[in-house]
Participant: 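Below you'll find the structure I mean.
All values below come from the heavy atoms of this structure, side chains included, with hydrogens, waters and symmetry mates left out. Note that the structure is predicted; figures quoted are calculated from it, not measured.
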Amino acid sequence: MDFEQARFNMVEQQIRTWEVLDQDVLDTLMVVKREYFVPEAHRSLAFGDIEIPIGSGQVMLTPVIEAKALQALAPKHADSVLEVGSGSGYMAALLASRAEWVRSIEIDPALARLAADNLARNGVENVIVEEGDGLLGLPDRAPFDLILLSGGVRDIPQGLLEQLKVGGRLFAFVGSAPVMIGTLVTRRAENAWDSENLFDTLVPMLREPQASQFRF
């Protein structure tokens with residue numbers, strides 16, 4: 001299989017056609033080797049428009065959804081990032097290629113090990129994977145410039161919103177089946193957040209948070 005041609009086709013035929021036009025995002029998708037984060041049994045499907053099983057009942061999101069989330073957050077080189085849900089480590093690698101550093105929290109021990117191993121194997125040194133309930137965030141490490149929830153939530157935990165810097169952004173898939181909303185939240189002041197609904201989708205749920213909820 002010609003992985004480079006398949007990667008080019010993914011970017012040009014899938015991702016660009018779904019209104020992902022940020023050239024930095026497209027360049028990042030060409031540089032970070034998605035196939036290295038896909039289980040070997042499914043490597044031939046690495047660039048397909050499908051969710052790929054990674055174990056523990058979880059999946060890698062489709063390339064288009066990953067790209068749209070990355071475009072919404074628009075990480076910059078000085079940004080500190082919190083990711084909730086490490087999965088295979090691929091999304092953390094995308095974020096890390098554009099941000100200063102990433103802390104990724106994974107509630108499933110097997111997936112935490114998988115993500116950490118994949119990142120180490122691919123030489124990604126500015127990501128730390130931690131095991132725990134990411135929906136509680138990392139208050140001791142806050143505030144963050146960016147927060148990404150890599151799975152669905154019915155509501156965004158207030159505790160995560162409070163871990164954003166003023167001016168910081170959080171992206172989440174909010175709702176439940178059959179439709180979720182890709183949502184970008186910006187903290188515009190100490191006690192004020194703006195929310196923007198970007199696109200409809202459906203992704204696997206993260207575990208329900210125990211903290212209080214913030215509803216728009």
Side-chain angles (χ1 to χ4, degrees), residues 1 3-4 6-18 20 25-73 75 81-99 102-124 127 129-131 134-135 146-153 171-174 177 180 182 198-207:
M1 180 177 179
F3 285 114
E4 293 309 316
R7 191 182 342 276
F8 177 83
N9 293 342
M10 174 191 75
V11 169
E12 295 299 321
Q13 297 174 12
Q14 292 180 49
I15 293 170
R16 190 186 292 274
T17 58
W18 281 91
V20 179
V25 172
L26 300 177
D27 290 345
T28 299
L29 293 166
M30 289 297 296
V31 170
V32 180
K33 308 300 185 184
R34 192 173 200 268
E35 67 273 21
Y36 295 161
F37 293 85
V38 173
E40 189 170 356
H42 302 297
R43 197 150 290 169
S44 64
L45 304 175
F47 307 103
D49 186 23
I50 58 172
E51 295 178 341
I52 298 176
I54 56 174
S56 300
Q58 297 300 308
V59 299
M60 290 179 70
L61 302 179
T62 66
V64 167
I65 296 303
E66 292 166 335
K68 289 177 83 70
L70 190 64
Q71 178 171 259
L73 283 172
V81 185
L82 174 66
E83 181 192 29
V84 178
S86 306
S88 72
Y90 176 66
M91 196 70 204
L94 292 176
L95 292 164
S97 72
R98 299 184 59 195
V102 178
R103 286 187 178 269
S104 183
I105 313 178
E106 173 56 57
I107 201 167
D108 184 277
L111 290 181
R113 288 192 298 272
L114 173 67
D117 288 348
N118 283 341
L119 290 160
R121 189 179 304 115
N122 286 281
V124 181
V127 178
V129 179
E130 300 187 21
E131 184 183 333
L135 289 169
L146 305 174
I147 299 177
L148 170 66
L149 280 64
S150 292
V153 289
F171 181 85
F173 305 99
V174 181
M180 296 174 180
L198 300 182
F199 58 90
D200 294 351
T201 189
L202 184 62
V203 302
M205 297 291 289
L206 293 170
R207 194 175 84 177

Participant: Which heavy atom of L73 sits nearest to which heavy atom of I147, and what is that distance?
Facilitator: CD2-O, 3.9 Å

Participant: Less than 4.0 angstrom from a charged side-chain N to a carboxylate O is my criterion; do E40 and R43 meet it?
Facilitator: no

Participant: Measuring only between side-chain heavy atoms, which start at C-beta, is F37 closer than 4.5 Å to L114?
Facilitator: no

Participant: List the steps and the verdict of side-chain contact (heavy atoms from CB on, under 4.5 Å) for K33 and R7.
Facilitator: CA-CA 9 Å; K33 308 300 185 184; R7 191 182 342 276; 3.4 Å; yes

Participant: For residues G55 and L111, report the shortest heavy-atom separation together with the two atoms involved.
Facilitator: O-CD2, 4.0 Å

Participant: Taking all atoms of both residues into account, what is the closest heavy-atom pair of A96 and V127, and its distance?
Facilitator: CB-CG2, 3.4 Å

Participant: Around F199, counting heavy atoms of other residues, nucleotides and ligands shown, do more than 12 lie under 6.0 Å from its CZ?
Facilitator: yes

Participant: Rounded to the nearest 0.5 Å, how far apart are OH of Y36 and CG of L119?
Facilitator: 14.5 Å

Participant: Would you compute the distance between atom CG of D49 and atom CE of M10 and round it to the nearest 0.5 angstrom?
Facilitator: 10.5 Å

Participant: If you look at every heavy atom in A46 and V38, which pair is closest and at what distance?
Facilitator: CB-CG2, 3.8 Å

Participant: When you compare the side chain of T201 with that of F173, does any pair of heavy atoms fall below 4.5 Å?
Facilitator: yes

Participant: Once you round to the nearest 0.5 Å, how far does CD of Q71 lie from CG of L29?
Facilitator: 10.0 Å

Participant: Between N122 and V124 (side chain of the first, backbone of the second, donor and acceptor by atom type, cut-off under 3.5 Å), is there such a pair?
Facilitator: no

Participant: Looking at every non-hydrogen atom in both residues, tell me the closest pair between V203 and G152 and how far apart they are.
Facilitator: CG2-N, 3.5 Å

Participant: Evaluate side-chain contact (heavy atoms from CB on, under 4.5 Å) for V20 paired with Q14, printing each intermediate quantity in order.
Facilitator: CA-CA 9 Å; V20 179; Q14 292 180 49; over 6 Å; no

Participant: For a quick test of reading the model, state the closest non-hydrogen atom pair linking M30 to V11 and the distance between them.
Facilitator: SD-CG2, 3.7 Å

Participant: To the closest 0.5 Å, what do you measure between CE (M60) and OG (S88)?
Facilitator: 4.0 Å

Participant: Measure the spacing between CG of L82 and CD of E130 and express it to the nearest 0.5 Å.
Facilitator: 9.0 Å

Participant: Can you check whether N118 reaches Y90 side chain to side chain, under 4.5 Å on heavy atoms?
Facilitator: no

Participant: How about S97 and V31: do any of their side-chain heavy atoms sit closer than 4.5 Å?
Facilitator: no

Participant: Under 3.5 Å, side chain of E106 to main-chain N/O of G87, donor-acceptor pair present?
Facilitator: yes

Participant: Could you list the donor-acceptor pairs under 3.5 angstrom formed by side chains in residues 61-69, with sequence neighbours left out?
Facilitator:
| residue | atom | partner | partner atom | Å |
| --- | --- | --- | --- | --- |
| T62 | OG1 | I65 | N | 3.4 |
| E66 | OE1 | R34 | NE | 3.1 |
| E66 | OE1 | R34 | NH2 | 3.1 |
| E66 | OE2 | R34 | NH2 | 3.3 |
| K68 | NZ | W18 | O | 3.1 |

Participant: About how many Å separate CG of L206 and CG of L149, when rounded to the nearest 0.5 Å?
Facilitator: 6.0 Å

Participant: Between D108 and Q58, is the side-chain contact (heavy atoms from CB on, under 4.5 Å) condition met? List the steps.
Facilitator: CA-CA 10 Å; D108 184 277; Q58 297 300 308; over 6 Å; no

Participant: Could you tell me whether the side chain of L135 reaches within less than 4.5 Å of the side chain of I105, counting heavy atoms only?
Facilitator: no

